[in-house]
Amino acid sequence: MIKKYIYGSPIETGAVVIDMFPENGKPDMFYEEDYKPNCLEFGMTDADVIYGLGEANRGINKRGYIYTSFCNDDPVHTEEKLSLYGAHNFILVDGFERFGVFVDTPSKLTFDIGFTDSNILSIECETGDFALYIITGESLYDIVRQFRGLIGRSYIAPKWAFGFQQSRWGYRTADDVRKVVKKYRESGIPLDAVYLDIDYMERYKDFTVDKKSFPNFKEFVAEMKEEGIHLVPIIDAAVKIEDGYDVYVEGVRDNHFCKTADGRDFTAGVWPGKTHFPDFLNSKTRKWFGDKYKTLVDDGIEGFWNDMNEPAIFYSEKGLASALEAANEAKGKDLDINSFFALKDKFTGLSNSDKDYASFYHNMDGKVLCHELVHNLYGYNMTRAAAEAFERFDPDKRMLIFSRASYIGMHRYGGIWTGDNQSWWAHILMNIKQMPSLNMCGFLYTGADLGGFGGNCTRDLLLRWLAFGIFTPLMRNHSALGTRAQECYNFGNTEDFKNIISIRYSLIPYIYSEYMKAALSDKMMFRPLSFDYPEDSFASSVEDQLMFGDGLMLTPVYTQNARGRYVYLPEDMLYIKFKSPTQRKYALLPKGYHFIDVALNEVPLFMRKNKLLPLCKPTDRTDNIDTSRFEVIAYADRPCEYVLYDDDGYTTDYDKPEHFDSIAIKEDVNGKLVIFSNKQIVKVSLFN
């Protein structure tokens with residue numbers, strides 16, 4: 001059951017797709033203090049577990065810390081950070097009372113989950129204007145499914161976007177890209193896409209291509225497609241101020257940019273220098289900006305990633321002037337600790353300043369609003385602009401689109417990656433813990449920068465991260481300019497990388513099937529163990545293992561120099577250890593605690609009883625995957641079935657019955673378990 005409550009005068013975000021009449025009064029489980037009319041509080045018992053918040057810091061259980069929903073461009077994701085790139089205001093309370101809470105507001109929102117008072121959950125909205133949804137249900141999963149139905153179907157990516165993808169800030173020329181593709185192909189490592197960061201643009205201008213570095217771009221895109229490679233260019237939010245640049249000229253002429261209080265176009269510095277910011281909250285601006293993608297679509301591009309859309313601001317004109325004035329005044333002075341750090345803070349505080357966010361305005365289809373009130377909608381509506389444009393260009397074709405900043409509701413228009421992480425072992429664990437929370441909030445096409453964006457990745461770190469990344473829908477290796485070259489072929493003994501990524505390709509039919517079923521039925525691909533084992537008191541405390549798809553459990557290794565790890569099995573399970581798609585070891589392990597040895601070139605996987613896992617023959621690209629022939633691993637002592645979803649991967653007729661097929665274990669006339677399927681089953685490994 002879902003109930004809606006209104007506080008103040010909320011701004012419409014578009015997060016919810018179902019019209020509901022609000023209830024009178026307030027929710028029973030919350031109480032309000034008179035001195036905090038904009039704050040909801042709820043008493044927690046020691047046993048309560050709090051899930052959710054999508055792309056947030058720390059654990060799967062969010063108890064014990066503060067989380068601020070305010071899209072934040074900060075790549076150093078250490079434990080004390082309150083905000084990351086997304087704002088996902090959904091939590092799930094599991095205790096004596098079990099319910100979900102969605103606070104729909106585009107302004108800053110703070111969740112104090114037992115930080116100030118260990119037994120108080122506090123939700124504070126700066127403005128006091130929000131719509132509150134309380135969801136109750138039979139189980140945690142039931143509550144999530146109701147919430148997902150409330151906010152609408154998740155974005156569905158093309159099938160090629162489930163292949164392995166390579167990115168780096170620093171591919172400066174077409175020849176750089178050709179070299180990457182050539183080396184991957186020579187190494188036998190499968191690859192489906194290469195990304196173009198800001199280097200491909202002409203002086204960092206959106207929807208332009210540097211003709212010197214990438215001559216004959218349309219022909220280059222076609223050349224890469226012949227190699228089985230999709231090129232995926234970046235699009236940034238800010239537009240360079242430059243006379244003669246059509247996007248700038250049109251934006252100024254037609255009032256498509258955010259304004260200052262006195263009506264001027266807001267100006268701030270980003271990659272190109274001084275820029276203006278498109279007003280994506282305005283429907284006319286969304287159409288105008290979205291139509292600009294056609295320039296690259298007409299060149300053959302079928303995927304984009306939207307970046308810098310929190311929005312990221314390096315400096316504003318006013319802020320920079322103030323900092324430079326302070327620096328000038330400090331010349332020749334004897335700076336003590338206070339004056340030195342005051343000066344330093346002037347410069348470190350230039351980027352993404354709250355003062356800057358409070359200094360420009362949107363025209364939300366006739367309603368003028370200060371940016372700080374609608375901050376969390378900016379990246380969401382940039383991606384919405386692109387998705388709506390793609391539907392206009394070709395409504396029957398899927399395009400890849402994902403974003404850095406997001407709010408609930410954007411999940412209908414595109415995916416996200418979890419932003420500019422670091423080459424730290426701690427960030428593998430963060431990646432693991434974020435996946436179920438993101439799925440709760442509707443974001444299914446998601447993943448982290450494998451190997452880490454910032455810093456210098458090591459061989460063992462990349463192998464361990466890939467061993468988890470083979471299960472995330474977005475599987476992309478991405479790194480920053482100035483860091484160690486992070487392509488898989490640069491770490492020696494490429495056979496290890498080939499084998500791990502080939503395991504991904506043998507799993508793609510299963511991963512794609514689980515993704516599509518999750519999108520079409522409002523399910524989760526990644527789940528905390530407690531969702532599948534609600535009666536197991538220990539399951540809710542396990543944060544480094546995830547349930548995945550139909551009956552699998554992931555137990556990645558995420559620590560340096562580890563030769564394996566301890567795992568908790570909530571029931572008897574089949575342990576499958578992959579060294580390659582065809583090299584596997586099996587063991588039937590009983591419920592309880594186990595140490596498993598996992599070498600750097602191995603991938604651990606567990607399977608529940610009476611479940612099936614179909615595997616295909618791996619290839620070098622998704623287009624060559626044969627989904628008519630499968631090997632099946634089964635752990636069964638009775639009849640069971642796996643429903644396999646498959647389609648052409650490009651068009652949007654998702655719901656046809658013929659996309660669903662069955663692979664089943666049944667009893668023959670002699671009572672023996674045998675496999676039945678319309679697919680060609682080349683091998684069955686049956687354990688019971």
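Remember, predicted model here, so these are calculated numbers, not experimental data.
Summarising the local packing, CD of E80 is surrounded by more than 12 heavy atoms from other residues, nucleotides or ligands at distances under 6.0 Å. Within 6.0 Å of CZ on F347 lie more than 12 heavy atoms contributed by other residues, nucleotides or ligands. Annotation: D334, atom CG; neighbour count of heavy atoms from other residues, nucleotides and ligands within 6.0 Å does not exceed 12. The number of heavy atoms from other shown groups lying within 6.0 Å of NZ (K318) does not exceed 12.
The backbone N or O of I50 sits less than 3.5 Å from a side-chain atom of N61, completing a donor-acceptor pair. The backbone N or O of G379 lies less than 3.5 Å from no partner atom in the side chain of N306, so there is not a single donor-acceptor pair. At distances below 3.5 Å, at least one donor-acceptor pair connects side-chain atoms of D176 with backbone N or O atoms of T173. At distances below 3.5 Å, not a single donor-acceptor pair connects side-chain atoms of D197 with backbone N or O atoms of D199. A donor-acceptor pair under 3.5 Å is absent between the side-chain atoms of E310 and the main chain of D73, judged by distance alone. Judged purely by atom type and a 3.5 angstrom limit, S122 has no side-chain atom pairing as donor or acceptor with the backbone of E41. Remark: side-chain polar atoms of R484 are not paired, donor with acceptor, to backbone N or O of G455 under 3.5 angstrom. In this structure a side-chain-to-backbone donor-acceptor pair under 3.5 Å is missing from S437 to L53.
By the 4.5 Å heavy-atom criterion applied to side chains, Y357 and P311 are counted as neighbours. For the pair I235 and K292, the minimum side-chain heavy-atom distance is 4.5 Å or more. Between L444 and H411 there is no side-chain heavy-atom pair separated by less than 4.5 Å. Side-chain contact between Y7 and T105: absent, with no pair of heavy atoms (C-beta onward) separated by less than 4.5 Å. The closest side-chain heavy-atom distance from D129 to I11 is not below 4.5 Å. Using a 4.5 Å cut-off on side-chain heavy atoms (C-beta onward), C125 and V103 make no contact. Side-chain contact between N38 and T127 is absent, with no heavy-atom pair separated by less than 4.5 Å. Contact annotation: the side chain of V252 approaches that of Y248 to within less than 4.5 Å [non-hydrogen atoms, C-beta and beyond].
D210 has no carboxylate O lying under 4.0 Å from a charged side-chain N of R172, or vice versa, which leaves the two without a salt bridge. Under a 4.0 Å N-O distance rule, the pair K287/E388 does not qualify as a salt bridge. For D449 and R476, the salt-bridge test passes: some basic side-chain N is under 4.0 Å from an acidic carboxylate O.
Ring planes of H375 and H371: perpendicular class, angle over 60° (limits at 30 and 60°). In this pair, F402 and Y445 present their aromatic rings tilted. The plane angle is within the 30 to 60° band. By the 30° and 60° cut-offs, the orientation of the rings of H478 relative to W305 is perpendicular.
Scanning all heavy atoms of the two residues, the minimum distance from M308 to D236 falls at CG-OD1, 3.3 Å. Between N421 and F453, the shortest heavy-atom distance links the atoms OD1-N, 2.9 Å.
Between Y558 and D544, the side chains place a donor N or O and an acceptor N or O closer than 3.5 Å (distance only, hydrogens not considered). Defined by atom type and a distance below 3.5 Å, a donor-acceptor pair is missing between the side-chain atoms of T208 and R203. For the residue pair D460 / T458, a side-chain donor-acceptor distance below 3.5 Å is found, with atom types taken as modelled. Side-chain N/O atoms of K108 and T68 include no donor and acceptor closer than 3.5 Å. The closest side-chain donor-acceptor pair between H88 and S406 falls under 3.5 angstrom. For the residue pair T285 / D279, no side-chain donor-acceptor distance below 3.5 Å is found, with atom types taken as modelled. In this structure, a donor-acceptor pair under 3.5 Å is absent between the side chains of N309 and Y85. Side chains of N477 and Q486: a donor-acceptor N/O pair is present below 3.5 angstrom, by distance only.
To the nearest 0.5 Å, atoms OG (S167) and CH2 (W417) are separated by 9.0 Å. Residue R168 holds its CZ atom at 14.5 Å from CG of L196, rounded to the nearest 0.5 Å. Residue I60 holds its CD1 atom at 10.5 Å from CD of Q434, rounded to the nearest 0.5 Å. The structure places CG of N456 at 10.5 Å from CD of Q422, a figure rounded to the nearest 0.5 Å. Distance check: M430 CE to T78 OG1 gives 8.0 Å after rounding to the nearest 0.5 Å. Between the CG atom in N431 and the NE2 atom in H77 there is a gap of 12.0 Å [rounded to 0.5 Å].
Residue pairs that meet the ring-ring contact (aromatic ring centres under 6.0 Å, His included) test with at least one member in residues 250-275, sequence neighbours left out, are W169-W271, H256-W288, F257-H276, F266-F277, F266-F360, W271-F314.
A cation-pi arrangement is present between K205 and Y245, with the terminal nitrogen or guanidinium carbon under 6.0 Å from the aromatic centre and inside a 45° cone about the axis.
Exactly one of Y407, F289, Y380 qualifies for a ring pair (Phe, Tyr, Trp, His ring centres under 6.0 Å) with F280. That residue is F289. A ring pair (Phe, Tyr, Trp, His ring centres under 6.0 Å) with F390 holds for exactly one of Y293, Y155, Y413; it is Y293.
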